Structures are given as structure tokens and as C-alpha cells.
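What's counted below: heavy atoms across the whole structure, side chains too, no hydrogens, waters or symmetry copies. Everything numeric in this text was worked out from a predicted model, so none of it was measured.
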Amino acid sequence: MNTNLKNRKRVAAYLLLAVFALSPFFNANAQSDDEFGVWTTLEASKKINKKFKAAFEAEFRTLDGVGSVERYSLGARIDYKITKWLKANAGYIFIYNRKPSEKNIKDVIDADAGLYDYNVDDAYWTCRNRFHITVAGEYKIGRVEIGLRERLQYTRTNSATTDETKYRWGLVPPEYEVYEQTVTKEKDFKDSKENTTLRSRLTAKWDIPKCKINPFASVELYTRLDKWKGNDKLRYRIGASYKIDKDNSISLFYLYQDTNDDDEPKGHAIGIEYSIDL
């Protein structure tokens with residue numbers, strides 16, 4: 001077995017070990033308001049000519065540490081090199097997403113006694129179609145490379161049907177002094193949804209002399225354009241990438257998202273990304 005192959009397997013093993021070593025921490029904190037998950041991504045790209053490159057991506061995400069699946073996705077894009085420091089791309093992503101069970105309080109009957117009417121929607125799967133165009137620029141200052149990416153994305157979430165359980169409290173006749181809960185089940189239809197979002201990401205990468213490990217950090221701002229309400233959410237990411245050889249690289253990162261939305265839940269995740277140039 002050659003040395004390069006040994007090094008690849010060693011680095012991949014270390015990163016995978018780090019993910020699973022941290023998984024119990026995520027599971028232990030799953031009862032908080034923040035969610036915890038693991039994100040894994042595989043990307044393959046092929047250079048077409050000096051200006052164009054095609055790329056394909058597959059992603060898998062979990063919730064509750066590694067307790068449940070959140071989503072699968074497949075995507076493709078075309079990259080275009082405008083100048084040495086400026087690039088653009090356009091692409092499409094198909095997302096198969098699991099919405100977890102949700103409890104919605106409808107009416108408070110007796111707060112002191114803990115009596116309230118509520119609905120529980122079962123977990124269900126939805127399909128999303130996402131189109132995006134991106135412009136990204138990079139500028140190096142000493143050993144630090146600063147990058148700014150602006151991505152405009154349009155997402156359509158298909159309609160879906162799930163089971164809904166309704167819990168209602170009412171007074172029991174003829175005394176009308178005792179509350180009794182009734183439970184009914186029915187189908188609940190979820191309408192399709194559309195959103196247009198601008199994603200602005202600022203990234204800093206550090207080039208360490210004589211080292212194949214490059215740390216990075218980023219902050220990304222999401223702004224809904226179809227339903228304007230200012231800043232929609234912020235996502236923070238910190239990690240490091242390792243250049244295995246000229247065609248293969250791997251990254252390990254931690255991220256935090258500060259707000260729940262239709263796309264992802266609020267919370268933390270750790271992730272692994274593997275990239276290969278064909």
C-alpha cells in the first residue's frame with residue numbers, strides 16, 4: 001500500500017472518530033431547545049475547460065445526534081471562473097426532508113392545572129426543489145484569504161399529508177365540574193411553500209506554512225426576499241480542511257444556527273465534507 005493511500009485512510013479515520021466521539025454529547029443535550037445533528041457531504045467535480053467546471057454533491061443530515069434522519073439531498077451545478085479571484089455558478093438541488101413531530105397549543109383551559117387544547121402533527125417527509133445562482137470573490141491578505149459569497153436561491157416545497165391528533169378538554173355533564181379530555185385523529189394537508197432567499201457568507205481561511213491543515217471560519221446571513229422581515233437567520237461555522245493530495249480534500253467543521261425556519265432547525269451540528277476532482 002503506497003504512502004498517499006495510507007495518509008488518506010488515516011486522516012479519514014481520525015475525522016470520523018472525532019464525529020462519533022462527539023455524538024454522545026449531542027444526544028445528551030437533545031432535550032434543550034437547540035437541535036444537534038451530523039452533516040455529511042460528498043462532492044465530485046470535473047474540469048471542462050479553463051473557465052468551466054461541473055460539480056455534483058450528495059448530502060445526508062441527522063437530528064438528535066445520530067438518532068434520526070433529517071434529510072437527503074442531491075445537487076448539480078456549473079462553475080464559471082470570471083477572473084482569478086472572482087467565480088460564479090448556477091445549480092439545482094433536490095432535497096428530501098423529514099419534518100419532525102410537532103405540538104401546537106390551541107387554547108389554554110386552566111393554566112394552573114396544566115389543561116390546554118393542542119394538536120400533534122406526526123412526522124412526515126416532503127420534497128423540495130431548489131435553484132440557485134452564486135457569485136463569490138476571494139482576496140488574500142498575507143496568510144489569510146478573505147472570501148465573500150452571495151447566493152440567491154429559490155425553493156419550492158411540495159405539499160404533503162400527515163396524521164394530526166387533536167386533544168381537547170371539555171366539562172362533563174351533568175355536573176359540569178369535571179373536565180374530560182377527548183382525542184380525535186384526522187388527516188392534515190400541508191400546502192406547498194415557496195421562498196426566495198439571499199445568502200451572504202463571509203469566510204476567512206488561514207494558510208499555515210508547511211502544513212496541509214487549513215483552519216477556516218465563516219458567518220452567513222440569510223435574508224428572505226419574498227416575505228421581507230430583515231435578517232432571517234445567522235449561521236456560524238468553524239473548522240479545518242486537509243489537502244490529501246492534488247485531487248482529494250476533506251474538512252471537519254462545527255456550526256451553529258440561531259433561528260428555526262422551514263429549512264433547518266435552530267441548533268448545532270458537526271460535519272464532514274469530502275471533495276474529489278475527477
Side-chain angles (χ1 to χ4, degrees), residues 12 15 19 35 37-49 51-63 68-82 86-99 124-138 147-160 192-203 216 218 220-226 232-233 235 237 239 241 247-255 257 261-265 269-278:
L15 292 175
V19 169
E35 291 286 354
V38 176
W39 297 9
T40 56
T41 305
L42 174 63
E43 181 181 288
S45 59
K46 176 66 176 179
K47 189 175 181 180
I48 301 172
N49 54 39
K51 291 287 187 178
F52 287 93
K53 182 170 68 172
F56 304 90
E57 180 183 286
E59 187 180 36
F60 172 73
R61 298 184 185 180
T62 70
L63 283 177
S68 62
V69 176
E70 180 194 3
R71 81 189 212 182
Y72 307 90
S73 66
L74 290 172
R77 70 175 192 273
I78 294 293
D79 296 342
Y80 178 69
K81 185 177 181 180
I82 302 172
L86 186 64
K87 299 177 183 177
N89 68 60
Y92 165 78
I93 303 173
F94 173 77
I95 302 170
Y96 191 47
N97 184 77
R98 179 180 182 272
K99 296 290 288 184
Y124 63 96
W125 289 87
T126 59
C127 297
R128 296 177 186 168
N129 295 281
R130 174 170 293 167
F131 301 88
H132 61 86
I133 55 174
T134 303
V135 176
E138 296 176 343
L148 177 62
R149 188 195 75 177
E150 296 290 347
R151 170 172 288 182
L152 180 65
Q153 69 179 33
Y154 165 80
T155 306
R156 177 179 173 82
T157 303
N158 293 348
S159 59
S192 61
K193 297 180 181 179
E194 298 180 7
N195 72 67
T196 303
T197 302
L198 178 65
R199 296 170 56 175
S200 305
R201 186 175 73 183
L202 182 65
T203 303
F216 60 83
S218 69
E220 187 169 11
L221 171 66
Y222 287 66
T223 305
R224 283 283 296 271
L225 301 181
D226 56 319
D232 191 39
K233 66 181 178 184
R235 177 184 290 173
R237 186 185 305 233
S241 61
D247 296 325
N248 296 269
S249 63
I250 194 166
S251 299
L252 176 67
F253 63 87
Y254 159 81
L255 70 84
Q257 181 171 288
D261 64 7
D262 291 335
D263 206 28
E264 296 107 358
I270 52 173
I272 293 178
E273 295 180 349
Y274 190 94
S275 301
I276 181 171
D277 290 330
L278 302 175

Can you tell me which residue among Arg61, Lys99, Arg128, Arg98 is in a salt bridge (charged side-chain N to carboxylate O under 4.0 Å, His left out) with Glu264?
Arg61

Applying the side-chain hydrogen bond (donor to acceptor under 3.5 Å, both in side chains) test to Tyr222, which of Arg199, Lys233, Gln257 qualifies?
Arg199

With a 4.5 Å cut-off on side-chain heavy atoms, are Asn89 and His132 touching?
yes

Would you tell me whether Thr126 and Asn158 have side-chain atoms, one donor and one acceptor, within less than 3.5 Å of each other?
no

Examine the side chains of Thr62 and Glu70 and answer whether a donor and an acceptor come within less than 3.5 Å of each other.
no

At their closest point, which heavy atom of Phe216 faces which heavy atom of Ser241, and how far apart are they?
CE2-N, 3.9 Å

Nearest heavy-atom neighbours spanning Asn129 and Phe94:
OD1-CD1, 4.0 Å

Could [X] and [Y] be called an ion pair, given the rule that one side-chain N must be under 4.0 Å from one carboxylate O?
X      : Y      : result
Arg130 : Asp263 : yes
Arg77  : Asp79  : yes
Arg237 : Glu273 : yes
Asp226 : Lys193 : no
Glu138 : Lys87  : no

Mind checking salt bridge (charged side-chain N to carboxylate O under 4.0 Å, His left out) for Asp247 and listing every partner two or more places apart, or none if nothing turns up?
none

Find the distance between [atom1] ([X]) and [atom2] ([Y]) and round it off to the nearest 0.5 Å.
X      : Y      : atom1 : atom2 : value
Thr157 : Glu194 : OG1   : CD    : 9.0 Å
Leu202 : Glu220 : CG    : CD    : 10.5 Å
Asn248 : Asp277 : CG    : CG    : 8.0 Å
Leu252 : Tyr274 : CG    : OH    : 15.0 Å
Ile48  : Lys53  : CD1   : NZ    : 10.5 Å
Tyr154 : Thr196 : OH    : OG1   : 7.0 Å

Side chain to side chain contact (heavy atoms under 4.5 Å, CB included) assessment of Ile276 paired with Leu278
CA-CA 6 Å; Ile276 181 171; Leu278 302 175; 4.3 Å; yes

For Lys51, I'd like to know if atom NZ has over 12 heavy atoms of other residues, nucleotides or ligands within 6.0 Å.
yes

Checking Thr203 against Arg149 for the side chain to side chain contact (heavy atoms under 4.5 Å, CB included) test, could you report, in this order, the C-alpha distance in whole Å, the side-chain angles of both residues, the deciding distance, and whether it holds?
CA-CA 8 Å; Thr203 303; Arg149 188 195 75 177; over 6 Å; no

Parallel, tilted or perpendicular: ring planes of Phe131 versus Tyr92, cut at 30 and 60 degrees:
tilted

Parallel, tilted or perpendicular: which describes the rings of Phe60 and Tyr72, with under 30° parallel and over 60° perpendicular?
tilted

Pair Val69, Trp125 - check side chain to side chain contact (heavy atoms under 4.5 Å, CB included), show working.
CA-CA 11 Å; Val69 176; Trp125 289 87; 3.8 Å; yes

